[in-house]
Amino acid sequence: MSTIDIAIQLELHSPGRSFDIDVALNSTSPRTALLGPSGAGKSTVLQAIAGLLPGVRGHVRVDGSTLLDSERGIDLPARERGIGLVFQDYALFPHLDVERNLLYGLRRLGRPLPTGARERVDALLAQFGLDGVRHALPRHLSGGQRQRVALARAIAPGPRLLLLDEPLSALDPDLRIRLRDELAEMLERVRMPTLLVSHDQEDVRALAQAVVRIEHGRVVSA
Amino acid sequence: MSTIDIAIQLELHSPGRSFDIDVALNSTSPRTALLGPSGAGKSTVLQAIAGLLPGVRGHVRVDGSTLLDSERGIDLPARERGIGLVFQDYALFPHLDVERNLLYGLRRLGRPLPTGARERVDALLAQFGLDGVRHALPRHLSGGQRQRVALARAIAPGPRLLLLDEPLSALDPDLRIRLRDELAEMLERVRMPTLLVSHDQEDVRALAQAVVRIEHGRVVSA
Amino acid sequence: MLQPLLLTLQVALLATLIAGALGIGAGHWMARHRFAGQGTLDAILVLPMVLPPTVLGYYLIVLIGRNGPIGRWLDAAFGIQLLFTWQGAVLASAVVGFPLAYKAARAAFEEIDPRLLQAARTLGSSEREVFWRIALPLAKRGIGAGLALTLARCIGEFGATLMVAGNLPGRTQTLSVAIYSAVQAGDDPLALTLTVIVSVLCIVLLVLANRLLQSPRS
Amino acid sequence: MLQPLLLTLQVALLATLIAGALGIGAGHWMARHRFAGQGTLDAILVLPMVLPPTVLGYYLIVLIGRNGPIGRWLDAAFGIQLLFTWQGAVLASAVVGFPLAYKAARAAFEEIDPRLLQAARTLGSSEREVFWRIALPLAKRGIGAGLALTLARCIGEFGATLMVAGNLPGRTQTLSVAIYSAVQAGDDPLALTLTVIVSVLCIVLLVLANRLLQSPRS
Amino acid sequence: EDLVVSAAASLTQAFNAVGEAYEKHHPGQKVIFNFAASGALLSQMRQGAPVDVFASADQATMDRAADARLLAPGSRVDFARNTLVAVVPAGSARHPKSLKDLTDPGYARIAAGTPASVPAGKYTADAVAAAGLDGALQTRWVYGESVRQVLNYVARAEVDAGLVYRTDALLDPDKTRVAFTVPTSTAVTYPIARVAASNRSKAAGEFIEFVRGSEGQAILQRFGFSPP
Ligand SMILES: Nc1ncnc2c1ncn2[C@@H]1O[C@H](COP(=O)(O)OP(=O)(O)OP(=O)(O)O)[C@@H](O)[C@H]1O
Ligand SMILES: Nc1ncnc2c1ncn2[C@@H]1O[C@H](COP(=O)(O)OP(=O)(O)OP(=O)(O)O)[C@@H](O)[C@H]1O
Ligand code: MOO
Ligand SMILES: [Mg+2]
Ligand SMILES: [Mg+2]
């Protein structure tokens with residue numbers, strides 16, 4: 001059974017401003033939604049879980065593996081956490097076409113592509129309606145196409161935890177419904193624990209079994 | 001009475017791929033929604049109207065002023081079109097804080113700030129809930145905060161036509177409803193003709209009186 | 001020791017200013033245009049870097065000397081003579097430093113996301129405004145790196161400078177020329193002293209320039 | 001005429017390779033770290049640019065000559081002598097060209113959106129992988145501009161080269177040294193011919209290098 | 001193994017000719033010249049550059065080489081003599097006859113080598129001092145870092161007169177004109193010596209002998225040098 005057990009404290013600083021976050025969440029549901037108003041700290045929490053922020057205190061445990069435990073001095077670097085993250089603004093590699101963006105996490109420098117990798121990417125391209133733009137660079141894509149590439153790229157390497165930051169916000173209603181259902185089905189099938197930020201009621205309903213609300217960097221209801 | 005009369009033909013090219021657009025729309029409604037699936041050409045049409053793409057054929061007339069008429073050889077550069085555009089990915093100036101991003105279109109190089117400009121920006125900051133991040137740089141903002149800055153920046157100089165590319169997609173439901181209503185009220189009050197791309201039924205209902213659907217670069221129903 | 005130091009500062013800073021302004025202008029122009037033969041023009045703009053400075057100095061004299069086409073005109077029209085003056089040294093240094101400023105500026109301008117320039121245009125900016133308010137600030141870091149190199153090169157350059165400015169003791173003798181002379185004359189202690197001075201000067205200037213350029217972005 | 005041309009090519013390309021590799025390494029490291037005194041270290045890395053090349057050459061031979069600390073060791077350990085060899089010319093050019101490669105690389109690496117590097121890390125990339133697969137390709141244009149300058153400088157350099165490698169026709173005499181020599185000997189026609197050859201060589205190399213670097217991004 | 005001869009830059013053309021003749025007389029031997037400013041040549045040898053013969057443009061540099069024990073004892077000899085001359089641009093209407101004439105206001109700029117580092121400049125400074133003219137000429141000097149640079153200024157009429165060696169003046173006979181010979185208190189002589197560290201001392205000795213021999217001297221005279 002998949003469990004996530006997370007407690008995170010951190011502060012963001014910039015000249016004249018700071019924002020602090022103190023969030024704990026604990027879920028045995030396969031998929032949990034993280035809700036909250038704009039600027040509440042949702043994206044920041046996801047980045048902390050993924051291991052992208054320095055100076056995070058607390059712990060991150062996924063399915064029994066400890067990825068972070070500041071008290072015990074454990075702090076796996078992002079690359080060893082095996083956490084897939086869809087950035088809110090995608091962060092696609094601008095110099096790689098769609099196919100290579102998807103292959104990125106499957107390929108290791110100086111090693112041959114693992115067997116099955118290409119098939120996996122082909123399947124994702126088809127599923128996400130990206131077949132026609134397989135060889136396009138990100139800057140030649142529409143907003144919705146970019147978002148789908150970001151989603152597919154994060155899923156491709158089969159992470160042990162998937163963090164989605166508004167993964168469907170740029171899609172038209174038809175496509176959104178289709179992808180949402182396929183995503184739910186796929187995540188269920190491969191039992192990939194997921195933490196999801198979304199402002200869409202329907203997304204949350206279809207994709208998540210539990211909901212955590214945060215405001216001003218604090219959990220307000222679990 | 002506000003009218004927009006637009007006919008646009010253009011082709012996008014990149015190695016191995018091309019996409020062509022042939023869209024005409026004609027509306028006497030104050031605000032029109034542009035709908036269509038991901039990759040249909042909505043953002044491209046907005047950019048063409050704003051004068052950002054080279055080689056556009058057709059015409060763009062707003063309230064009787066001709067901004068583009070390729071047959072008559074008229075093609076006003078973007079800066080003279082007086083069209084405000086909210087980019088789908090915001091395109092905030094990374095070196096300017098929120099306030100300066102908003103002031104950008106009101107200030108001219110080497111001239112003093114026009115009277116009322118600061119008040120106008122203050123009002124927008126308050127209205128869009130950006131008071132607390134007034135001096136923050138874009139990269140220290142959350143996704144929803146960025147989107148609001150982009151919206152406020154486009155509105156600030158009082159353009160004669162406003163083009164919104166999914167301007168509310170990154171906002172949580174409460175904020176979205178509030179801003180949507182305020183926006184509708186504001187655009188109504190100042191009679192700012194608007195062309196809106198949105199995937200949200202409610203946005204469309206609240207903000208637009210007419211709907212145009214495009215698919216594969218063609219209008220499918222007006 | 002003080003006189004050559006001040007002269008070096010004056011010459012190097014002015015030359016960097018000139019090379020910087022021209023390099024930024026040319027770099028911006030090349031970044032914003034595409035045309036046939038652009039690669040060749042780019043290489044030609046780098047040529048002052050590839051010619052041994054002494055040779056460059058030689059050709060500069062041919063151009064701006066009393067009997068050169070430009071020199072004759074400058075003299076007739078404005079009574080300006082560049083040869084054997086510190087202004088001549090500025091010119092020579094600026095020519096030698098230009099490719100550094102140009103290349104860095106062009107690369108920096110080309111890295112700018114074109115959507116930002118477009119956003120500025122939709123907000124009513126003329127191309128001049130786009131340049132001053134968006135492109136230049138965003139290219140600042142890359143340009144800064146180029147100007148640091150330009151300044152260093154202008155301080156260190158002596159081949160072309162020496163030809164054009166001549167070595168008029170107390171009038172056009174820069175530190176580099178003095179070091180070179182000392183090394184040639186086998187005066188090692190003097191050469192070492194001067195080298196240390198030039199190095200410290202350069203470090204101080206570059207650190208200061210860096211501070212000034214420190215953008216809120218970094 | 002062919003022999004010095006080939007030697008120049010060999011020396012300049014090798015020196016650019018060395019200066020480029022070290023400059024990219026140092027530039028990447030400086031872009032990814034922040035520490036006290038970094039500004040000063042940065043200025044120190046630019047110093048080879050500020051010293052007149054002849055003077056630099058002088059200090060180089062003090063270090064690597066048969067009696068210098070490094071030279072003695074090289075000789076004892078490997079039987080390598082750099083003075084008056086083409087390898088010495090490579091060393092001199094590489095030292096002179098290093099700041100150009102370094103500064104350009106650092107600026108280019110600093111312009112990269114850190115989110116892209118982070119995205120790569122969440123996809124399992126080690127820092128080595130992030131460097132090779134993301135940072136380097138994204139910094140390509142800026143680094144390319146720096147390497148173009150480095151190459152030009154290495155072709156044009158004669159002051160340090162002459163000191164370290166000598167001016168031995170057929171063995172260490174590069175085109176630039178030959179030009180310098182011709183000018184000193186008063187052989188103007190030869191100097192002009194060689195200058196034209198060097199200029200053409202440089203233009204051809206830079207245009208070729210540009211073609212190679214032409215990324216799908218531009 | 002080739003014979004490496006480090007020689008002052010002002011000897012470039014004369015020595016290239018000498019070298020060719022020498023190789024003809026010594027089949028199988030090859031002479032490689034390393035031309036640069038005398039000071040640079042000395043620095044190189046000090047640091048262990050593999051040089052067999054050193055020919056300097058002045059005695060001072062050779063003295064420094066001797067002090068540094070770089071020379072094979074007893075091998076130092078003079079091989080040529082030069083004269084200091086004043087040159088004016090070829091088209092100049094003036095015909096100065098002596099250093100004193102140069103004090104005329106018409107000679108606003110006079111070029112010479114930097115006294116500290118260019119041998120010809122040192123001789124010039126000495127001659128001017130001996131004539132008691134340093135005060136009168138002090139503000140007129142434009143120093144060049146080599147004799148070539150001085151000559152170039154004169155050839156382009158950027159200066160009104162210049163002081164160079166006769167051998168250099170002959171390189172630009174179309175654009176410069178020799179006005180008069182400057183008397184120097186010590187003769188302008190060129191020394192040559194074997195380098196102590198050389199392991200080709202036999203060939204080095206032969207080369208020096210050839211330079212001093214009748215054929216070598218004939219070639220040198222063609223380029224304007226006189227016998228030592
Ligand atoms: N470097 C920083 N210094 C200070 N505050 C920061 C910094 N970076 C971000 N913030 C603030 O932290 C808060 C949380 O940001 P975050 O991106 O996590 O919000 P979010 O919940 O994802 O919002 P949204 O739904 O709008 O994307 C925001 O108010 C933001 O302005
Ligand atoms: N340079 C280009 N060459 C070829 N095709 C391109 C180029 N740029 C964009 N396209 C394609 O043009 C189509 C229209 O893009 P556009 O951004 O206008 O879509 P959109 O309707 O805004 O979609 P979305 O809702 O996903 O943002 C897309 O299919 C895109 O892949
Ligand atoms: O090679 Mo120089 O001696 O650049 O100034
Ligand atoms: Mg967010
Ligand atoms: Mg779009």
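FYI, side chains are in, hydrogens and waters are out, and symmetry mates aren't considered; it's all heavy atoms of this structure. Every chain is numbered from 1 and lettered A, B, ... according to where its sequence line falls, protein lines coming before strand lines.
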Check: What residue, out of E:Thr114, E:Val118, E:Asn152, has the most heavy-atom pairs lying under 4.5 Å from chain C?
Finding: E:Asn152

Check: Counting heavy atoms not belonging to E:Glu20, are there more than 12 under 6.0 Å from its CD?
Finding: no

Note to self: Checking E:Arg177 now: which residues fulfil side-chain hydrogen bond (donor to acceptor under 3.5 Å, both in side chains) with it, not counting sequence neighbours?
What the structure shows: E:His95

Notebook entry, point to check: With side chains defined as the heavy atoms from C-beta onward, is the minimum distance between C:Phe84 and E:Glu158 less than 4.5 Å?
Noted result: yes

Checklist line | Closest non-hydrogen atom pair between C:Ser181 and E:Ser117, with its separation | finding: O-CB, 3.6 Å

Check: Looking at C:Asn67 and E:Arg156, what are the two nearest heavy atoms and their distance?
Finding: ND2-O, 2.7 Å

Notebook entry, point to check: If contact means a heavy atom pair closer than 4.5 Å, which residues of residues 90-108 of chain C contact chain E?
Noted result: none

Checklist line | Contact class of E:Arg109 relative to chain C, heavy atoms under 4.5 angstrom | finding: side chain

Note to self: Heavy-atom pairs under 4.5 Å with chain E - which of C:Gly57, C:Gly65, C:Gly68 has more of them than the others?
What the structure shows: C:Gly65

Note to self: Main chain of C:Met163, side chain of E:Tyr153: is a donor-acceptor contact present, judged purely on distance under 3.5 Å?
What the structure shows: yes

